[in-house]
Structures are given as C-alpha cells and as structure tokens.
Amino acid sequence: MLSLEQVKQSLERAGQAHVLQFWPELSGLERDAFLQDLSQLDLQRLREHCEGAARAAAAPPGSVDRHIEPVPPESIGSVRRSGSKALTEWEHEGLLQISQNRVGVLLLAGGQGTRLGVQYPKGMYNVGLPSSKTLYQIQAERIHKIQQLADRKYGSKSSVPWYIMTSEFTLAPTEKFFKENHYFGMEPSNIVMFEQRMIPAVTLDGKVILQGKGKLAMAPDGNGGLYQALVDNKVLEDMKKRGVEYLHVYCVDNILVKMADPVFIGFCVSKGADCGAKVVEKACPAEPVGVVCRVRGVSQVVEYSEIQPETAELRGPGGGLVYSAGNICNHFFTRAFLQDVAEKFEGQLKQHVALKKVPFVDSCGNQVKPIKPNGIKMEKFVFDVFPFSRNFVAFEVVREDEFSPLKNADGAATDTPTTARAALLTQHLRWAAAAGAALCDEHGNALPAPSASAGDTAPAQWEISPLVSYFGEGLEMLKGRTLQTPLILDEEKATELRAQQHL
Ligand SMILES: CC(=O)N[C@H]1[C@@H](OP(=O)(O)O)O[C@H](CO)[C@@H](O)[C@@H]1O
C-alpha cells in the first residue's frame, strides 16, 4: 500500500487533488480503506485516462458508417447452408480437439445486470424453468456433457477448463454461489475465476468522480478488459500449462449458449482461423446486437450503440438487411492469437465512451443522484481485437438453436426471463418431436407441434437436462412415446426410460 503522501503527490500530478477533499472527515477505518483503493489505481496513467475520457466525450469519433460494407455472405460459414457431411466433419474435429484437452471456455461475467434489475451476478439468475436451474448451472452441465460426448467418441478422459472473468461486483458472490452448489459437480481445479480491472468514472471535464467521501465511482473496464485481465491473472500461462490451444469466449446471458460447441470449434480449426465469431441473422434493424462487417476492408464488429439507424435499416435488393450478421458474443480464439494481443495490441484497443448517470458527493459533501448523465465510463469491447487477426472467420448459426439473451426484466418486449425460458423449452419440444415423441398436457390432451420460434409463451413444462442431451442427441429412448407434461427429463428419468425400452 502507498503512503498518503505518495498518493497525494500522484493525484496532484494528475490534476485530481480534489479526491482527498474530505480526507479530514474520514474515520481511521475509512482512511485505510480509501488509501487501499487509491493505491490500486494506475496512478501513472490517471491523467491520461481522465483527459482522454473528457476529450473523447467532447468530440466523439466520427461515425464509421461511411467506411463500412457487409461481409459477403459467401465469406461467412453457415449451419443452414452447409450439408450434413460438412457439419458432421466439423463436429468430429471439435470433439477430437476437446478429447485431447485442447479446448477451454471463457465466460465474460463481470457485468452488473443493470438492465435486468438484479443486484447479483446475472449467471445466478433463474429464469423460471421447471428445474429452477440458474444460467451458471445450465452452463456447467453443458460443459460436463460435451466432455462426455468427446470421451465417448474418442475414448478419452477429457476436461474443458472453465475460465470465468468476474469483476469487483461479481467475484465474491460468484465464488460463494459455486461453492454452495458444489461447483455443479465439476472438478473445482477446472474452474478458474479471475477479476477484470475497474477504472474510475470521470466528469465531463475530466475529474474523477467521488461516489462517497472516501470512495471513487468505479466501473469495470468493459468486456474487452479481458485482454488486460488475462495478463494480470496469468491466464494464458494457465492455458499453456493445461495444453489449451483454443478458447471459446462467450457472455453469460444467452440461455442457449453451446459451450465449447464442437461444430464451431471444428469449423474454426479446419479453416485455420485464429479468431472467429458466431452470428445470427438480425431480427430487425433496431435489435441491440453488434454487426459483423468490414470497416475500411477489415472485418470487425460495429456495436449497436455506434451504428447510425439509417445504416442499420439499409436493405438489399431481396429485401433483407444489408447489415444482417448479428454478433451473439460467442468468439473463438487461438491461444497464440491471444498471446499476440497481450504482447502487442492490448494498448491499441479502442476506448468506447458511455455517458451515464453516476451518483456522487458534491463539494459540500451532499449525496447527489443526477437526473441527467454527468459521468463518462470508458469501456473496451471484447470484439475489438478482430482487426488484429490474420484469419478471421464468421459462422452463422440458427437463432432458435443458439441465441436467446437475457438482457431485460419481464415487462420489456424482448430478451426477458420469459422469452429466454420459452426459447429453451421450445427447443426441448423440438428435440422431443425430432426423437419421435409426442407430448400431452396433464389431462392427456396432445400438445401442438412446436413452432420454429418461441414467441414469449413456453409451449409446455417439458425440460431436458443438459446432462441428458447437449444438442438434441441421445434421445432415442423417447421414440414412439407419449409423454405427459409437466416433465423434466433428467438423468434418472432417462435411465428409467432406457430400461423400459429394453424390457
Ligand atoms: C461489447 C459487446 O460484446 N457487445 C455485445 C453484447 O452486448 P451487451 O448489450 O453489452 O450485452 O452482446 C450482444 C449479444 O447479446 C452483442 O450483439 C453485442 O455486440
């Protein structure tokens, strides 16, 4: 920890002496805590950070729209447009890599869930499935299952390490939650949690904001803080030690996420890609998803908050959106590429400006809750490394099978607990139908055939545990059956049905 004198001098040098204005009023304990926080700041770069933020907010970078063009469809791999032979080959390749312990997954879980309106990490959210499973549990079980599928195919004993990037807000509750839930049956040494950095929010004229008399207003540095955090926490060394060459990075809120998806991994590996992104066709111009496109000829993502509405609305001759490749925050990276980013490019990552209402104490020491944006939060985006890639690939997947994010509280039109629940349960209904089962309600009335898209009503209380099936496989025991809902097909039930089949 630095001394008060050292901190004071650094703050003065950075033009931030006001930070200590309430020091005389603080208790001994408060002083210790504040000094501890201030010692952890990057004081050398504080002036640069504050001035940079104020500059960026005053003169936002010109729109990139003049320089963007869509990625030609033929350059995007696609589940829909690929034959079953290619899909199977990619799947086998992905499973082979998993069986050789060369694949890891990395969860971006540092966000605060502000839009969802919860005070705890989003991964702990239970969307109201019949099983009451949380997002974390679903994800853990999918990892477990994919390891099992690889082992069955290649006779291995594989492990897919789960790296979880948290923030100051989410680390402690996430750790506690995993511990209380016995790591959802996973080997604790295969779960590596680490923390991304926090950076101070700054006023429009470049002054660090005091949230309390002895507390700075801090925010995580965006999901692109990943690359700094990989270095800070020696995660790349950990990957190397375990022999992990490929990483599937994803964000916490997509209930349909396919952890370490062998098809995607196999696709990327067989194309020799160092970096890849899954996309879905955008649902409508205003959908809050980034678009994968080319800017000045280079593939990258333009975030929904940074594209002009006129550009998002552009339609091609066939009536489809010109910028339709919606980013679903599922990325593939080789370890070698991440190493390159860490060594050469991290410092060049773009800083994105978000103007936010940041509560603060005014110069008289009064607590103020602003009614209009008063603070600048700087964020890095995880996909901003794409332009440094030597061989970037995009892979279009089917929305109904892979993308239903949880962003908003119930009551909003889209991306809510209700829509996420409906998406998952509808998928399970489709899997049952494909396996040759019919479902009926508690009165024995047949349920209608599942439609492709869920809408927002769950079709039936029928849920399949990820421990039973990862992408609809292994459901032969359902063939020819009529199953009464509500029903959860967990491992026990699956074993029972299999046993009946063999009678
Ligand atoms: C910086 C970043 O990764 N933004 C992503 C991310 O958006 P959020 O609104 O930050 O959750 O997830 C979206 C998909 O759910 C994706 O479309 C978007 O580009």
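Quick note: numbers below take in every heavy atom, side chains included, and nothing from hydrogens, waters or symmetry partners. Counting convention: from 1, in listed order, for ligands and their atoms alike. All figures in this text were calculated on a predicted structure; none of them were measured in a lab.
- With respect to Arg80 and Glu396, no salt bridge is recorded, no charged nitrogen being found less than 4.0 Å from a carboxylate O.
- Look at Glu379 and you'll find every heavy atom at least 4.0 Å from all atoms of ligand 1.
- Protein heavy atom closest to atom 15 (O) of ligand 1, with residue, atom name and distance, is Lys407 NZ, 2.8 Å.
- Under 4.0 Å is where a charged nitrogen must lie from a carboxylate oxygen, and between Asp401 and Lys258 no such pair does.
- Test Leu107, Val103, Val105 against Met259 for side chain to side chain contact (heavy atoms under 4.5 Å, CB included) and you get one pass: Val105.
- Between Cys329 and Val382, the closest heavy-atom pair is SG-CG1, 4.4 Å.
- Asn327 O, 3.6 Å is the protein heavy atom nearest to atom 14 (C) of ligand 1.
- Salt bridge annotation for Asp340-Arg390: present, with a cationic side-chain nitrogen under 4.0 angstrom from a carboxylate oxygen.
- More than 12 heavy atoms of other shown residues, nucleotides or ligands fall within 6.0 angstrom of atom CD in Glu287.
- The protein heavy-atom contact nearest to atom 9 (O) of ligand 1 is Tyr304 OH, 2.4 Å.
- Close approach to Gly290 involves these atoms of ligand 1, each under 4.0 Å from a residue heavy atom: 16 (C), 17 (O), 18 (C), 19 (O).
- With 3.5 Å as the limit, one finds no donor-acceptor pair spanning the side chains of Asp253 and Tyr125.
- Here atom 2 (C) of ligand 1 lies nearest to Phe383 when heavy atoms of Phe403, Phe381, Phe383 are compared.
- Looking at Glu303 against ligand 1, only its side chain comes within 4.0 Å, counting heavy atoms.
- In Arg115, the part holding a heavy atom less than 4.0 Å from any atom of ligand 1 is the side chain.
- For atom 3 (O) of ligand 1, the closest non-hydrogen atom on the protein side is Asn223 ND2, 2.8 Å.
- Residue contact annotation: His352 has no non-hydrogen atom under 4.0 Å from ligand 1.
- If you run side chain to side chain contact (heavy atoms under 4.5 Å, CB included) between Ile209 and each of Ile376, Val358, Leu216, only Val358 comes through.
- Per-residue contacts place Val289 under 4.0 angstrom from the following atoms of ligand 1 (heavy atoms of the residue considered): 17 (O).
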